[in-house]
Amino acid sequence: MAVQSWTALLKASTKTALIHDDGKEMAEEYDLTTDELIVRKWRSKSTLKGQGPWEIEVGEPVPSTVACLESDVIKENCSNPVFMRKDTKTSFLWRVRNLPYPKEVYNISVEPDQRCCIIRTNNKKYYKKFNVPDLDRSQLPLDSSALNFTHANNTLIVSYKKPKEILTLEHELLREVKKLKGTNEGDVDCKTQ
């Protein structure tokens, strides 16, 4: 099954980055006190064989430093909705900040044939279609009964309960990560001349 091949690939890889034959690279950051995944990001080679930009799958998007340094640059409005994923131990969790509408306005659904979830508002002010890459990689079906949402403080929180196959996979992966000897920032061995 696809879950076992994904597990075998993760176990066989170096744990700082996972590089596929097609040039894809994955990097993950964990909080070792809570065992939570903080960031998972992917990048692939560009057409000129250089490294492409990181695409963040889980975690907070990194703000552009160029826009912060230059005041003359056109930048997006800070009140625009911000979509991000932040997982818990038992659920995939997506947060959409800056959505001021009441909970009754939102309609969250699963489209199994398109393998995605959809967020809609009755007032047609927000629409977002997103997939669950973990389920796609493991070739597991989407289940509408696992989907739930809440709204508080202008933030829509959509949760999808992780299937037992994903929970088992993550437990095995965490066991592999805990076997690693970590280094703190700045603890890199540098040869001097």
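The basis for the numbers below is simple: all heavy atoms, side chains too, and nothing from hydrogens, waters or symmetry mates.
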Which value, rounded to the nearest 0.5 Å, describes the distance between [X] atom [atom1] and [Y] atom [atom2]?
| X | Y | atom1 | atom2 | value |
| --- | --- | --- | --- | --- |
| Ser145 | Tyr160 | OG | OH | 7.5 Å |
| Ile166 | Arg137 | CD1 | CZ | 8.0 Å |
| Asn153 | Arg97 | CG | CZ | 11.5 Å |
| Asn98 | Cys78 | CG | SG | 7.5 Å |
| Tyr126 | Asn80 | OH | CG | 10.5 Å |
| Lys162 | Leu140 | NZ | CG | 13.0 Å |

Say whether [X] and [Y] are linked into one hydrophobic cluster, either directly or through other cluster members, by side-chain heavy-atom distances under 4.5 angstrom.
| X | Y | result |
| --- | --- | --- |
| Phe92 | Leu167 | no |
| Leu142 | Leu147 | yes |
| Phe130 | Ile157 | no |
| Met84 | Leu93 | no |
| Val105 | Val82 | no |

Q) Looking only at heavy atoms, which two atoms of Arg115 and Pro141 are closest? And how far apart? A) NH1-CA, 3.9 Å
Q) Which pair of non-hydrogen atoms, one from Cys117 and one from Val110, has the smallest distance, and what is that distance? A) SG-CG2, 4.2 Å
Q: Under the side chain to side chain contact (heavy atoms under 4.5 Å, CB included) rule, collect the residues that match up with Lys125, sequence neighbours excluded.
A: Tyr101, Thr121, Asn123
Q) Among all residues two or more places apart in sequence or in another chain, which pass the side chain to side chain contact (heavy atoms under 4.5 Å, CB included) test with Lys129? A) Gln114, Cys116, Ile118, Tyr127
Q: List the steps and the verdict of side-chain contact (heavy atoms from CB on, under 4.5 Å) for Arg40 and Arg85.
A: CA-CA 10 Å; Arg40 178 183 297 140; Arg85 180 173 153 188; 4.1 Å; yes
Q | side-chain contact (heavy atoms from CB on, under 4.5 Å) between Phe83 and Ile119, intermediate numbers included | A | CA-CA 11 Å; Phe83 182 83; Ile119 302 172; 4.3 Å; yes
Q.
If you apply the rule side-chain contact (heavy atoms from CB on, under 4.5 Å), what do you find for Val158 with Val96, and how did you get there?
A. CA-CA 8 Å; Val158 179; Val96 189; 5.6 Å; no
**Q.** Within-4.5 Å side-chain heavy-atom neighbours: Glu165 and Ser138
**A.** no
Q: Taking the side chain as every heavy atom from C-beta outward, state whether Pro112 and Asp143 have any atom pair closer than 4.5 Å.
A: no
(Q) Tell me whether Lys103 at atom NZ has more than 12 heavy atoms from other residues, nucleotides or ligands lying less than 6.0 Å away. (A) yes
(Q) With a 6.0 Å cut-off (strictly less than), is the heavy-atom count around NZ of Lys86, excluding the residue itself, greater than 12? (A) yes
Q. Checking His151 side chain against Leu99 main chain: does a donor-acceptor pair fall under 3.5 Å?
A. yes
Q: Could you verify whether a donor N or O on one side chain and an acceptor N or O on the other, from Asp136 and Asn131, lie under 3.5 Å apart?
A: yes
